[in-house]
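Some notes on the structure that comes next.
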Amino acid sequence: MAARGDRGDAAAMLDTTLPAPRPCHPNRDYDRVRAAIEFVSARRRHQPEVDEIAAEIGLTPTRLHALFRRWAGITPKAFLQAITLDHARALLRDSASVLDTAYEVGLSGPGRLHDLFVTHEALSPGEYRAGGAGLTFSYGFHPTPFGEAIVVVTPRGLAGLGWSDGAREAALDDMRRRWPGAQFVERAQETAAYARRVFDPAEWRADRKLRVVLIGTDFEIRVWERLLSIPLARATTYSDIARALGRPQAARAVGAAVGRNPISFVVPCHRVLGKSGALTGYHWGLSRKQAILGWEAGQARA
DNA sequence: AGGGCCCATCGCA
DNA sequence: TGCGATGGGCCCT
C-alpha cells in the first residue's frame, strides 16, 4: 500500500477555499506545528533555533511559544527536543520493558495510568464475514489535534479512525475496503462523542473505558494487542514486538501488521520505532508521527 | 510478490 | 566513530 506522504501545501491550498473560519482553529494549529516539524526535519544537520522556525512559518517567537503551549502543553524547545533521534533513543531505553511488564499486568493495569483506557474485542476475518458483514457502520468527520479524521463506529464500539486531510471520499473508501459488505451511514452526531473521548485527555478515565473492536487476522490482532499495552509517551520497536510474540524473526511482518491497524492513535502505532530510534514509517506521514509523539510528551508532563 | 525490518558490510569523512 | 548505501534473509498476507 502506498504510504500517503505529507501534503502540507495541499492542505494549505484547501484552507483558502474553506468557508469562514470558526473561532477555534485546531487544524490551523496543527498545520503550523507540522510546518515547523518539516522545517526542522529538512535541515536536521543545522538544528535551527526557535527564532528561525518562527520566522519560517510566519509567526513571532512569542506567538510560536503560545501556539505550542496551547497545542502540546509544552514549550517549542521542549517539543522539538522531544522529536529528535537522541530523545527517541532515550525513550526506547526507558521503555525497554514495557512490553514484558505492562502486558502481564493487563491492558487496564497501572501501566495505563494517564492514558486512554481501552477495552477491546477481537474478530477474525472469518468471524467478521459470518456475523459482521451486513452490519451498519456509522461514520463522521471530526477535527482532531492532528487534522480532520474519519471516525467509524459499530454498535460494539469504535472500529476505525484515520485522517482525512480534506480528502473525505478517499478516507471513506479506505474504510470501506477494510470491511467489504458493511453498510456505511454518515451519522456525525453518533461519532462525535468518540472523537471527543479519544482526543481529549480529560476524558481518559479508567472507570469509563473506550470500547473498540479489532478486526484482523490472528497475527494482526496479537500485534495490535501488544500496541495497546504501550503506555503514553513510551515507545517500543518492531523487533521487540516480534520477540514478545515469540517470533523473533518476524519484525518485518510486525511492521506490516502495525501499518494495517485500522484504529490510528487509539491503537498507538505511532509508538513503534525502528531499532535505532529512527521513526521509520507511518501510514499517515512521518511528520504526523512526530507531532503525535511530541504532543504525547506534553501530555505526559501534565 | 512485496512490505512502516534488521543485520552485516563497505566506503567515505 | 558515524553516517549513507547495499545485499540478503525473514515472515505474514
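Throughout, protein chains are lettered first and strands after them, A, B, ... in sequence-line order, and every chain is numbered starting at 1.
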Looking at the rings of W71(A) and F146(A), which for Trp means the six-membered one, are their centres under 6.0 Å apart? yes

Hey, do the aromatic rings of F117(A) and W204(A) have their centres closer than 6.0 Å? no

Given [options], which nucleotide is nearest the side-chain atoms of [X]?
X: R252(A); options: dG4(B), dT13(C), dG9(C); value: dG9(C)
X: V272(A); options: dT13(C), dG4(B), dC11(C); value: dG4(B)
X: K289(A); options: dG4(B), dC6(B), dG3(B); value: dG4(B)

Would you mind classifying the nucleic acid contact of [X] as base, sugar-phosphate or nothing, using non-hydrogen atoms under 4.0 angstrom?
X: A256(A); result: nothing
X: F219(A); result: sugar-phosphate
X: T217(A); result: sugar-phosphate
X: A253(A); result: base

Just how far, in rounded Å, is [atom2] of [N] from [atom1] of [X]?
X: Q249(A); N: dG8(C); atom1: CD; atom2: P; result: 18 Å
X: N261(A); N: dC12(C); atom1: CG; atom2: C1'; result: 16 Å
X: I241(A); N: dC6(B); atom1: CD1; atom2: C1'; result: 14 Å
X: F265(A); N: dG4(B); atom1: CZ; atom2: C1'; result: 19 Å
X: L245(A); N: dC10(C); atom1: CG; atom2: P; result: 19 Å
X: R222(A); N: dC11(C); atom1: CZ; atom2: C1'; result: 13 Å
X: D86(A); N: dG2(C); atom1: CG; atom2: P; result: 11 Å
X: R243(A); N: dC5(B); atom1: CZ; atom2: P; result: 18 Å

Residue pairs involving residues 60-78 of chain A (criterion salt bridge (Lys or Arg N to Asp or Glu O under 4.0 Å); sequence neighbours excluded): D29(A)-R70(A)

Is any side-chain nitrogen or oxygen of [X] closer than 4.0 Å to OP1 or OP2 of [N]?
X: K275(A); N: dC7(B); result: yes
X: R247(A); N: dC12(C); result: yes
X: S239(A); N: dC5(B); result: no

Classify the ring geometry of W163(A) against Y282(A): parallel below 30°, tilted from 30° to 60°, perpendicular beyond 60°. tilted

Assert: residue with more 5' nearest nucleotide on DNA chain C, out of L85(A) and D218(A), is L85(A)

Hunt down the Watson-Crick or G-U wobble partner of dC12(B), both distances under 3.5 Å, from any strand shown, or write none. dG2(C)

As a quick check of understanding, evaluate side chain to side chain donor-acceptor pair (under 3.5 Å) for E296(A) and H270(A), giving each step before the final call. CA-CA 10 Å; E296(A) 290 193 335; H270(A) 53 277; 2.9 Å; yes

